[in-house]
2 protein chains.
Amino acid sequence: MESQDLRNVGLKVTLPRLKVLEILETTKQRHMSAEDVYKALLEMGEEIGLATVYRVLTQFQGAGLVSRLSIDDGHAVFELEDGTHHDHLLCVRCHQIEEFIDEVIEQRQRAIALEKGFEMTDHSLYIYGICQKCRQDKD
Amino acid sequence: MESQDLRNVGLKVTLPRLKVLEILETTKQRHMSAEDVYKALLEMGEEIGLATVYRVLTQFQGAGLVSRLSIDDGHAVFELEDGTHHDHLLCVRCHQIEEFIDEVIEQRQRAIALEKGFEMTDHSLYIYGICQKCRQDKD
DNA sequence: ATATAAATGAAAACCTTTCTCATTTACACC
DNA sequence: GGTGTAAATGAGAAAGGTTTTCATTTATAT
């Protein structure tokens, strides 16, 4: 019952919102750009505007339904929020994204913010590299 | 003798390059966007094109003279390379940037890349928050 | 049912960054 | 010290992702 998910966060239940949510939930690829979502919807035969996809994703982010990753190349991808904070490894060849959690790093970050007098609002850690599969393919 | 710095990295010594280098070295603000550098040069009375500033900064980055930070909002700033790897704290109110080094985090990152089979090429860590000064000003 | 505020789609606008191309410049060589 | 040649520059156009505008459509409260 996805409609309720939307109502819970104070968003009107509209077809575009339901469809975007559906794509995010059913696509195997966990990390999708707005363009990815848009194309997936077109392929489903849904009529939707790219601007709407951007708007909906931004609203979802504001509502805590998704989080937005800002990749180094000035590109954003979205992932369904699952409540766990995690960081990311990005393959610079195939652009696959893996996730990891490291409590030691989390702790150090909090300590550093404290040390520097910062009230931490957010943090982001990206490790860029060549993933195992790409290294095997042609090293 | 900045001309030598340029020759050392295999770049022709041109006025625009010398001027960009001069701005980076003499401006108090350590982290500057291409636009910042461009405006600073115009204010100095230098005639330079914005495209040239971008090109020069990118070349400097390739030559290891500067590093580029990609801020979350799809904005890049440059800093003179000083040989030390460090990460950044960014104030979301005043946009001031502070630097820190944490060997524990560096180590964990290497360990995680290894665990995941990644050959790490780069990594970036940003802590976003409200800096001490901004917290005092109006909390 | 209906009124009303919110949401949508298409296209234009935006913003930072890169590219194109004609002109200028630095540097190696004479 | 001139001079040829490849590289660098500047202006403006183009690119690419994202946001805005505005007329139209839709969801929801009454």
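Note on naming: letters A, B, ... go to the chains in the order of the sequence lines (proteins, then strands), and numbering restarts at 1 for each one.
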inquiry  = Rounded to whole Å, how long is the line connecting atom CD of A/Gln59 with atom C1' of D/dT19?
reply    = 13 Å
query = Do A/Lys19 and A/Glu43 sit within salt-bridge range, that is, some charged N less than 4.0 Å from a carboxylate O?
reply = no
For nucleotides 26-30 of chain C, list the nitrogen or oxygen atoms of the protein found under 3.5 Å from its nitrogen or oxygen atoms, one pair per line.
unit_1	atom_1	unit_2	atom_2	d
C/dA26	O3'	B/Val13	O	3.4
C/dC27	OP1	B/Val13	N	2.9

remark   = When rounded to whole Å, the CG to P distance for the pair B/Leu6 and D/dT9 reads 10 Å
ask   = Will you find, in the side chains of A/His86 and A/Glu106, an N or O donor that is under 3.5 Å from an N or O acceptor?
value = no
inquiry  = Using a strict threshold of under 4.0 Å (side-chain N to carboxylate O), is an ion pair present between A/Lys133 and A/Glu98?
reply    = no
key: ring pair (Phe, Tyr, Trp, His ring centres under 6.0 Å) evaluation trace for B/His85 with B/His123   = CA-CA 10 Å; B/His85 171 80; B/His123 52 101; 4.6 Å; yes
note = Taken to the nearest whole Å, CZ/B/Arg17 to C1'/C/dT25 is 11 Å
task = Could you check how far CG of A/Leu57 sits from C1' of C/dT8, rounded to whole Å?
result = 15 Å
Side-chain heavy-atom pair A/Arg68, A/Val77 within 4.5 angstrom cut-off = no
query = What is the distance from CG of A/Leu50 to C1' of D/dG16, rounded to the nearest Å?
reply = 12 Å
inquiry  = Any side-chain N or O of B/Tyr54 below 4.0 angstrom from OP1/OP2 of C/dT17?
reply    = yes
ask   = What is the distance from NZ of A/Lys19 to C1' of D/dT26, rounded to the nearest Å?
value = 16 Å
For nucleotides 20-25 of chain D, which of its nitrogen or oxygen atoms have a protein nitrogen or oxygen under 3.5 Å away, and what is each distance?
unit_1	atom_1	unit_2	atom_2	d
D/dT21	O4	A/Arg55	NH1	3.3

message = On a heavy-atom basis, which atom in A/Gly49 and which in A/Tyr38 lie closest, and how many Å separate them?
response = C-CE1, 3.8 Å
key: Pair B/Glu2 + B/Arg17, salt bridge at N-O below 4.0 Å   = no
query = Is any NZ, NE, NH1 or NH2 atom of the basic residue among B/Arg30 and B/Asp82 found under 4.0 Å from an Asp or Glu carboxylate oxygen of the other?
reply = yes
query = Is there a donor-acceptor contact under 3.5 Å linking the side chains of A/His75 and A/Glu35?
reply = no
message = Just the rounded figure in Å: distance from C1' of C/dC15 to CD1 of B/Ile71.
response = 16 Å
remark   = Separation between CZ (A/Arg93) and CD1 (A/Ile130), nearest 0.5 Å, reads 4.0 Å
ask   = Where along residues 32-49 of chain B does a heavy atom fall under 4.0 Å from DNA chain D?
value = B/Glu47, B/Ile48, B/Gly49
request  = Would you indicate whether the side-chain heavy atoms of A/Phe100 and A/Leu89 approach each other to under 4.5 Å?
outcome  = yes
